[in-house]
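The structure under discussion appears below in the form of structure tokens.
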Amino acid sequence: MWSYTLRRVLVTIPTVWAVTTVCYLLLHITPGGPFDGERKVSAAVLANLQAKYHLDMPLWQQYLYYMKSLLQGDLGASFRYADWSVNELVAHALPVSLTIGGSSLIISLVLGVVLGIVAALRQNSPIDYLVMLISNMGSAFPSFIIGPVLVLVFSILLKWLPSGGWDDFAVSYMVLPVALLTFINVSTIGRVMRGSLIEIMNSNFIRTARAKGLPMRTIVFRHALKPALMPVVTLLAPLAISSITSAVVTESIFSLPGLGKLIVNGAANRDYTLVLGLVVLVTFMTVLFNLLVDLAYALLDPKIRY
Amino acid sequence: MKQQNVLSVIAASVALALAVPGAALAAKVPAGVKLAATQELVRSNGSEPESLDPMVVEGVPANIITHDLFEGLTSTDNEGKLHPGVAESWKQTSPTTWVFHLRKNAKWSDGSSITADDFVYGIRRLVDPKLAAPYAGTFGIFFANGQDIVDGKKPLTAMGVKALDKSTLEVTTAFPVSYLPELMSNAQLGPAPKAVIDKYGKDWTKPGKMVSNGPFVLKEWQVNSKVVIAKNAQYWDAKNVQLTKVSFLPIEDQTADVKLYQSGQTDMTYEIPPGTFAKLKSDMPKDLKTSTILGLRYYSLNNKLPMFKDVRVRKALSMVIDRDLMAQKITADGQLPSYSVIVKGVNGAKPTTYDWATWPMAKRVAEAKKLLAAAGVKPGTTLNLSYNTSDYHKKMAIFVASEWKTKLGLNTSMDNSEFKVFLKKRHDGDYQVARNGWLADYNDATSFLALVQCGNTQNDNFNCNKKAEDLIEQGNMSTDPVKRTQLLTQATKMIMDDYPLIPVLQYTLPRLVKPYVGGYSLKNPVDRYRSKELYIIQH
């Protein structure tokens, strides 16, 4: 398993290089530059700005300059946030996104699995319909509808929680965004868990276990749960990525200083270094989460060994 | 001009310059108003400031904060009136020379005195090509050698600013600039703490490192979360600063902005969402504050294109757009119809208008049809209208297209692009008709005339009227404010009669402000509300 892990980690390097290079080229061929604004800067000021950010060099030299800095762990200076380096911006935003996205993922996983199990075991019962109703609502209503409704009820009408913003990891500011992300994630996890468990419960080895007279609890938790979790585990990597690095709508609704906001602002402002820095980060995290998922498969399925 | 006339004009200018109120700018708390025990304000501030370096900032949100942190030679109050800042007095000693006398008790937040050298360093820093400040060109052109320094042709030491002694600063302008005292209220042209900048480099703007000279000092800066400033005990006029703490929240989503306000987390919104003006006005009449500002919404016509070479076509397109209807029913947020590149309230030129602006619409349409026919443009011709993705701009564009369709029979193809893509098209002249907008940098007609001057960086219409250009040049060289206004107004009329662009609306800025926030004026022409003048009323 260690050699497999090492191999996967090594594969990350060409992956990050390829993604960064493609993204680098895409950014530079996109019309509009970082210094295009409603108010056009004069040719002299533009030349000074380009020289300051090395944009006056030929593209290939800029690329080599960027890759050299990247190898040294320097993501460069942000074009949009002139007083900050991309490293500093990521260092500020990552803990926020990890806290919001991470806690919502853990809560969604626990809730989604429990609701999925309950619904699967009571298939076609009122409780199953209720779970499915919640799941479908979570999928059908977009976050930009649920979010403002949460704000309306809990912030404006009841005045229990702040409607947005961020105050040094104060829990009250996290409740609504975590609730929104959880609601969306739980609907996906719950539905997949339910479907998967129903399928497993109808399989031959469960029928055998039942025939042997094993109690339901043992059948579910000892035999059915592990294989039923496989599709949920598969889901976790994309869910983690979307909850942590690209919860753009949630961050916008609740004005959170997370990575999603940086990515959107970076792209809109043609902040080349910021976008590339975040692309590197997201690529690393994607590879990491996928690796963790693959390792989790081995724990859940004895047929899988690395 | 004869020598005697020059002297009398200088004398008049000096008298005018010295006519500024002697009293310092302060939070004017009316008699009988009881102040709240806690003087803390939370302002929603649009977007994250791109910098807190006063010379580097460009956008409105960043400018709002840096103008609380730093103070220039002069200062403007929340009604846009000029007051002494670090300079307690000034005089114009020749058409292009000004002398500013700094107050002795002006200090940096670390307790050190502010000297004329701090201003020399700050102003030179703005135009330093190494700093690459976006406003280097905008403000640099006013100073002797400023443009050449920005272009890298002359050294920084050539800049038209000199410390005569520790508390006397001499400014030499490239041409007579009668509004220089107002220009000097911009923090971009203020002092900079050299020792701190040398010590920390780019990081000097971070909390704990920044030294500033305004009514407030930087306490906290969490990117995309908040900037917190606190009252500066070293500020020369600290006794008149009521607020002890101001938090600026970068809320980009206008709906989230209003929600934060409604839930009591902020005391002021930055803007309001499009289409909510009428509802907010009826729901929260005491909170909704609307001020008319020095800004123009217009459509650029690409004067380079053969189709728009004929002034009759440009005129016809402008004539049939019903600005009143657009203001009342389409944008419906209190904006004013506009027929000139100069908006109401601008100093240095009067807004011009067109004869047809008062005609009945039927007469305007008939005349426009005649003009188009004479120019050989047939009904059914298709125009291309470019705008950037925004519901507001889309609504306006659809209205304009429908005016052209229903009144002139012209078709319009809508070209909607992402903001930066759109800007590139517009700046490169890759468009026929394009949405445009402008907010004044300073209250003078030249800030708007830049939009229509030959070869100006801001001229996206690519028009040029040489005669008008001469008048603007003469106006700028004149030291007589009355004559200057006449010349610039005449130039404006001449340019507007060429129809290089289609002015439509003058900006208003509606926002929600809690009734307990005192000092908020509806007469602020450049939407720059200094926290120094605001206070919290007991509630």
Side-chain angles (χ1 to χ4, degrees), chain A residues 30-53 77-85 88-89 92-93 96 144 147-148 151-152 154-156 159 161-168 251-258 261-262 264-265 268-270, chain B residues 47-53 56-59 128-138 140 147 150-152 202-203 205-206 221-226 249-253 255-257 259-260 262-266 417-425 427 436-439 441 457-458 460:
Chain A
T30 309
F35 311 119
D36 280 323
E38 190 86 75
R39 174 192 316 279
K40 194 176 169 188
V41 290
S42 67
V45 172
L46 182 64
N48 294 338
L49 278 164
Q50 286 179 325
K52 184 177 174 181
Y53 291 99
S78 165
F79 294 9
R80 162 67 175 80
Y81 305 96
D83 297 0
W84 303 92
S85 68
E88 286 172 320
L89 292 171
H92 278 111
V96 176
F144 56 83
V151 169
L152 183 70
F154 294 101
S155 305
I156 296 175
K159 297 200 183 294
L161 295 162
S163 69
W166 185 255
D167 190 20
D168 244 353
E251 288 183 14
S252 176
I253 293 169
F254 297 106
S255 303
L256 296 174
K261 192 170 187 174
L262 279 186
V264 171
N265 284 351
N269 292 311
R270 305 291 189 273
Chain B
S47 57
E48 174 67 19
E50 63 275 7
S51 170
L52 290 184
D53 185 324
V56 172
V57 298
E58 187 183 8
D128 188 346
K130 279 189 205 149
L131 188 73
Y135 266 80
T138 311
Q147 187 63 55
V150 177
D151 292 346
K202 199 175 80 168
D203 279 338
T205 56
K206 305 289 163 60
W221 185 6
Q222 291 179 25
V223 182
N224 281 327
S225 179
K226 62 181 164 187
L249 309 186
I251 313 296
E252 285 176 7
D253 185 301
T255 308
D257 193 358
K259 296 269 181 290
L260 282 166
Q262 287 175 317
S263 65
Q265 280 176 264
T266 58
S417 322
E418 184 261 358
F419 189 49
K420 292 262 181 180
V421 176
F422 165 76
L423 288 176
K424 177 145 181 65
K425 281 186 194 171
H427 294 331
N436 218 326
W438 186 254
L439 295 172
D441 290 316
T457 312
Q458 308 306 339
D460 287 336

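Values in this document were obtained by computation on a predicted structure and should not be read as measured data. Throughout, protein chains are lettered first and strands after them, A, B, ... in sequence-line order, and every chain is numbered starting at 1.
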Problem - Distance-only donor-acceptor check, side chains B/S263 and A/S163, under 3.5 Å - result: yes
Handout entry: CA sep, side-chain torsions, deciding dist, call: B/K226, A/D167, salt bridge (charged side-chain N to carboxylate O under 4.0 Å, His left out)
Key = CA-CA 9 Å; B/K226 62 181 164 187; A/D167 190 20; 3.0 Å; yes
Region of [X] that comes under 4.5 Å of a non-hydrogen atom in chain B:
| X | result |
| --- | --- |
| A/V151 | side chain |
| A/L152 | neither |
| A/Q50 | neither |
| A/F35 | backbone |
| A/I253 | backbone |
| A/K159 | side chain |

Exercise for the section: Measure the CZ-OG1 distance between A/R39 and B/T457 for me, rounded to the nearest 0.5 Å. Expected result: 11.0 Å
Exercise for the section: Would you give the length of the straight line joining atom CG of A/D83 to atom CG of B/D203, rounded to the nearest 0.5 angstrom? Expected result: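 Answer for the CG-CG pair, A/D83 versus B/D203, is 8.5 Å.
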Handout entry: Residues forming a salt bridge (charged side-chain N to carboxylate O under 4.0 Å, His left out) with B/K425, sequence neighbours excluded
Key = B/D415
Exercise for the section: Can you sort out the partners of B/P250 under side chain to side chain contact (heavy atoms under 4.5 Å, CB included), two or more places apart, ordered by chain and number? Expected result: B/E48
Exercise for the section: Count the heavy-atom pairs under 4.5 Å between each of A/A77, A/G258, A/G37 and chain B, then report the option with the highest count. Expected result: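 When all of A/A77, A/G258, A/G37 are compared, A/G37 has the most.
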Practice task
For atom NZ of B/K202, decide whether the heavy atoms of other residues, nucleotides or ligands shown that lie under 6.0 angstrom number more than 12.
Solution key: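 Yes, NZ of B/K202 has more than 12 neighbouring heavy atoms, counting only those of other groups under 6.0 Å.
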